[in-house]
Novice: 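Have a look at this one before I ask anything.
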Amino acid sequence: MARITDDKAKQTLTPHLQSGEELKNWAFGIKQPPILLLILFALFGGIPAIIAIAILTKNYLVGLTNRRFIVLRFTGVLKIKEVSEYTLGQIPAVKTKTGSLFTKIEIQDPSHPFKAKFHRLGMKENRTHSIAIAQGLEQGSVKAL
Amino acid sequence: MSSSRILCPRCQQWTSTQEKTCSFCKTKFPNELAWKIPLIIGLFLLSLIASIVFALLEN
């Protein structure tokens, strides 16, 4: 964990900002395959299961600005594959949960759903940033669940 | 309002994820699971074969 530095995160997110847009918070998150699939893999064997889980896990770098919530899906060393953006105040529904290790964020948008969890050690200050993003999204959603 | 864009692996241009092909070079976007699922099945088969071979060698 903690493989992305704050400077690298800001550098990666900055090209996706609009003019006059201010980046407030950023965080590193992952989305693992469904738990039943993980259990199934574990039943079949150790090392292949670990490799399979690593292959199927999606990595995200997210950023909250004064206007939007930006999601960058990447592979390897911040090689961006997909960019999603949600305008604050127009997000249909947001569900967030903060546990002892993870902050979970789910955007229930029918056209572009998003779900990821953010480990407190994912980046330096990942916990602080992910909680701030969760709160910002809840305030910026049409209907907070 | 939300939107999503995907990077074309060939021309490195951004296209909406709702499109099945790149808007610029018309390359069809590959399904990422197309190589992941065969690889995972291959890994499990390899481990199964390895365990059978080791069990036979022990006997």
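Chain identifiers are assigned alphabetically (A, B, ...) following the order of the sequence lines, protein sequences preceding nucleic acid strands; residue numbering begins at 1 within each chain.
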Novice: Which answer fits A/Phe41, side chain, backbone, both or neither, if we ask what part of it has an atom under 4.5 Å from a heavy atom of chain B?
Specialist: both

Novice: Given side chains that start at C-beta, do those of A/Thr103 and A/Lys117 come closer than 4.5 Å, heavy atoms only?
Specialist: no

Novice: For A/Tyr60 and A/Phe118, run ring pair (Phe, Tyr, Trp, His ring centres under 6.0 Å): C-alpha distance rounded to whole Å, both residues' side-chain angles, the deciding distance at 0.1 Å, then the answer.
Specialist: CA-CA 9 Å; A/Tyr60 295 103; A/Phe118 302 80; 8.1 Å; no

Novice: What verdict does the salt bridge (Lys or Arg N to Asp or Glu O under 4.0 Å) test give for A/Arg73 and B/Glu32, after you've listed the backbone C-alpha separation in whole Å, the side-chain angles of each residue and the deciding distance to 0.1 Å?
Specialist: CA-CA 13 Å; A/Arg73 184 169 68 81; B/Glu32 287 183 7; 3.1 Å; yes

Novice: Under 4.5 Å, heavy atom to heavy atom: which of residues 36-45 of chain B reach chain A? Give them by number, or say none.
Specialist: B/Lys36, B/Leu39, B/Ile40, B/Leu43, B/Phe44

Novice: Identify which part of A/Ile107 has an atom lying under 4.5 Å from any heavy atom of chain B, answering side chain, backbone, both or neither.
Specialist: neither

Novice: Where on B/Ser51 is there a heavy atom nearer than 4.5 Å to chain A: the side chain, the backbone, both, or neither?
Specialist: neither

Novice: Do A/Leu56 and B/Leu46 share a hydrophobic cluster (ILVMFWY, side-chain heavy atoms under 4.5 Å, transitive)?
Specialist: no

Novice: Parallel, tilted or perpendicular: which one describes the rings of A/Phe28 and A/Phe74, with boundaries at 30° and 60°?
Specialist: tilted

Novice: Specify whether A/His119 and A/Phe102 have parallel, tilted or perpendicular ring planes, treating 30° as the upper limit for parallel and 60° as the lower limit for perpendicular.
Specialist: perpendicular

Novice: Taking A/Glu21 for the side chain and A/Gln18 for the main chain, is one N or O donor matched with an acceptor at less than 3.5 Å?
Specialist: yes

